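Notes follow once the structure below has been shown.
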Amino acid sequence: MPTSAPKEAKMACHPSDKAAFIEQQEILRDRCSKVLADHLKSNPDVVWTFEDGYGRYPTTKKEEAQLKLVLDLEFNEESGQWDFPPANNRLSDELVYLAVKFMNARHRARLYPYDFDAMGHINPQRVSSGPAPIIWAHGLPFFPVYKGYYILCGRENSKSIGWLIHEKTKDIMQSNPIWSIGAVIAPDSAVKAPHTITRQMTQHKPSGVEIELQYRSKAWTRDVMAANHQLCAVLPNPEVDGIEICPLWKAWGYNVRCGPMKRGLKPTTMPKEFFTSHGIKDFDYEALARPYGNRLLNEDEDMDEETDSDDDIEVEQLAGKSDEITSSGNRSMMAQSTSQVDVDIGIVSPVEVPAQVPVQGPEQVTEAITEAVTEAVTEKVTEEAPKEISKDPEFAPSEHEEPKVGEGPAS
């Protein structure tokens with residue numbers, strides 16, 4: 001069977017279409033708000049526990065909505081697979097993300113009739129529930145979008161933006177990859193909320209074997225990052241009633257690099273020519289090309305202004321010597337500022353270091369890097385061969401899914 005490249009992930013809208021998009025998005029948000037209100041009034045959530053086991057097979061839509069909600073996620077290290085909940089229960093947004101990646105379309109449709117339609121697609125009437133998976137790219141946290149219409153934004157954020165970014169139509173579904181990243185930025189509240197799935201993208205179109213075993217899914221269900229960063233993304237803000245959007249490159253914390261270097265694999269980087277080709281001239285490319293890091297909003301915003309400048313220089317020089325700079329969180333509600341400084345950086349070395357360095361002074365950072373590198377070097381150097389995905393026929397591709405793309409370097 002011939003292979004095909006992943007489809008292009010799309011941004012929310014063109015800047016010139018901002019008004020029309022916001023109007024349509026408010027309609028979709030209000031529709032979702034009504035569905036959520038009706039759900040909470042008629043079928044308040046009952047959280048599933050292990051003792052509950054299988055749910056009762058639903059015969060009506062009302063009975064589907066009354067199924068218990070599963071929030072627990074557990075990865076089985078021995079089998080190398082996620083432990084999915086028994087049939088006839090409702091799934092959290094994180095579990096829906098995993099079910100799409102690892103389950104055959106018919107299988108997930110049969111097991112979880114509330115979350116998926118008969119074809120295995122996410123039901124647009126499904127109420128977004130539980131925490132959302134967070135996907136990091138270009139220094140920003142994103143909510144994944146399924147087939148161009150359903151946002152896995154979590155229960156809390158569904159109140160401010162809804163879980164639909166477009167109507168579920170054949171054209172929308174056919175023109176979008178299964179999972180796209182870029183159209184909806186996650187706010188700090190979602191990043192800081194307790195959740196299990198936090199991922200870091202390195203390339204726009206990943207291929208090959210996934211580095212992280214727990215996400216080593218079918219090739220055509222990999223996350224795809226949008227490349228048109230001159231276009232707009234949605235900025236969910238629970239404190240604002242209206243829908244906010246802005247060009248992606250202007251979002252606070254944006255970095256031209258998609259992610260850190262992983263095992264020698266260079267990340268996708270947006271060149272300066274990309275911006276100038278789209279008429280973006282008055283911007284500081286060097287500031288956007290700083291050492292890679294995911295930003296986290298300080299609890300006290302004044303702390304940034306009071307930070308000692310000498311410490312900043314020393315930390316930035318230290319960061320500049322590393323191949324990968326990581327931290328957690330971002331400040332997605334504000335535009336880029338040239339006065340921003342990195343106050344939360346991670347550790348990097350030619351040897352992969354598994355831990356992050358917390359916010360601290362330059363001397364502590366240096367000491368932490370030395371200790372982490374020493375610890376990493378003493379560990380075994382040879383890596384285990386990648387484990388294969390289960391050959392269970394329930395996890396095989398169906399006619400509703402896309403052909404597998406070719407394998408190359410992991411991302």
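Just so it is clear, the values below take in all heavy atoms, side chains as well, and ignore hydrogens, waters and symmetry mates. Because the structure is predicted, anything quoted here is derived from the model rather than measured.
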From [atom1] ([X]) to [atom2] ([Y]), nearest 0.5 Å:
X    : Y    : atom1 : atom2 : result
T49  : K68  : OG1   : NZ    : 6.0 Å
D52  : L67  : CG    : CG    : 11.5 Å
H229 : I280 : NE2   : CD1   : 11.0 Å
Q230 : W249 : CD    : CH2   : 11.0 Å
I185 : E244 : CD1   : CD    : 11.0 Å
L231 : C13  : CG    : SG    : 8.0 Å

Run the salt-bridge test on [X] and [Y] with the 4.0 Å N-O cut-off and return the result as yes or no.
X    : Y    : result
R290 : D284 : no
R108 : D115 : no
K34  : D38  : yes
E64  : R90  : no
D223 : K101 : yes

If you compare all heavy atoms of [X] against all heavy atoms of [Y], which two are closest, and at what distance to 0.1 Å?
X    : Y    : answer
R216 : I211 : NH2-O, 3.1 Å
T269 : R257 : OG1-CG, 3.7 Å
S175 : K7   : C-CD, 4.3 Å
P260 : T202 : O-CG2, 3.3 Å
V224 : A9   : O-CB, 3.4 Å
I165 : V145 : CG2-CG1, 4.1 Å

Can any side-chain N or O of [X] pair as donor or acceptor with the backbone N or O of [Y] at less than 3.5 Å?
X    : Y    : value
S180 : P177 : no
N89  : L69  : no
Q25  : I161 : yes
T268 : H204 : yes
R199 : I135 : no
K218 : M103 : yes
S128 : G154 : yes
Y254 : G139 : no
E94  : T196 : yes
R155 : G130 : no

Residue pairs, two or more places apart or on separate chains, that pass ring pair (Phe, Tyr, Trp, His ring centres under 6.0 Å) and touch residues 6-36: none

Can you check whether [X] reaches [Y] side chain to side chain, under 4.5 Å on heavy atoms?
X    : Y    : answer
S217 : E210 : no
L235 : P187 : no
M270 : F275 : yes
V35  : Q125 : yes
I151 : V234 : no
L98  : P133 : no

Measure up the W82 and Y215 rings against each other and bin them: parallel (under 30°), tilted (30 to 60°), perpendicular (over 60°). tilted

Parallel, tilted or perpendicular, judged at 30° and 60°: which one describes the rings of Y285 and F283? perpendicular

Start with the C-alpha distance between L140 and L248, add both sets of side-chain angles, then the distance that settles side-chain contact (heavy atoms from CB on, under 4.5 Å), and finish with yes or no. CA-CA 9 Å; L140 302 170; L248 184 62; 3.7 Å; yes

Member of W163, Y97, F116, W179 meeting the ring pair (Phe, Tyr, Trp, His ring centres under 6.0 Å) criterion with Y146: W179

Residues N123, Y112; criterion side-chain contact (heavy atoms from CB on, under 4.5 Å); working and verdict: CA-CA 11 Å; N123 176 11; Y112 311 116; over 6 Å; no

If you apply the rule side-chain contact (heavy atoms from CB on, under 4.5 Å), what do you find for S129 with V96, and how did you get there? CA-CA 10 Å; S129 299; V96 166; over 6 Å; no

Walk me through whether Q203 and M225 qualify under side-chain contact (heavy atoms from CB on, under 4.5 Å). CA-CA 7 Å; Q203 295 181 307; M225 178 68 201; over 6 Å; no

Candidate pair D93 and R126, rule salt bridge (charged side-chain N to carboxylate O under 4.0 Å, His left out), full reasoning: CA-CA 10 Å; D93 281 15; R126 170 192 178 272; 2.8 Å; yes

Heavy-atom neighbours of K168 NZ exceed 12 at 6.0 Å: yes

Around atom CZ of F75, are there more than 12 heavy atoms of other residues, nucleotides or ligands at under 6.0 Å? yes

Does the ring center of Y149 lie less than 6.0 Å from the ring center of H121? no

Partner residues of E74 under the side-chain contact (heavy atoms from CB on, under 4.5 Å) criterion, sequence neighbours left out: D83

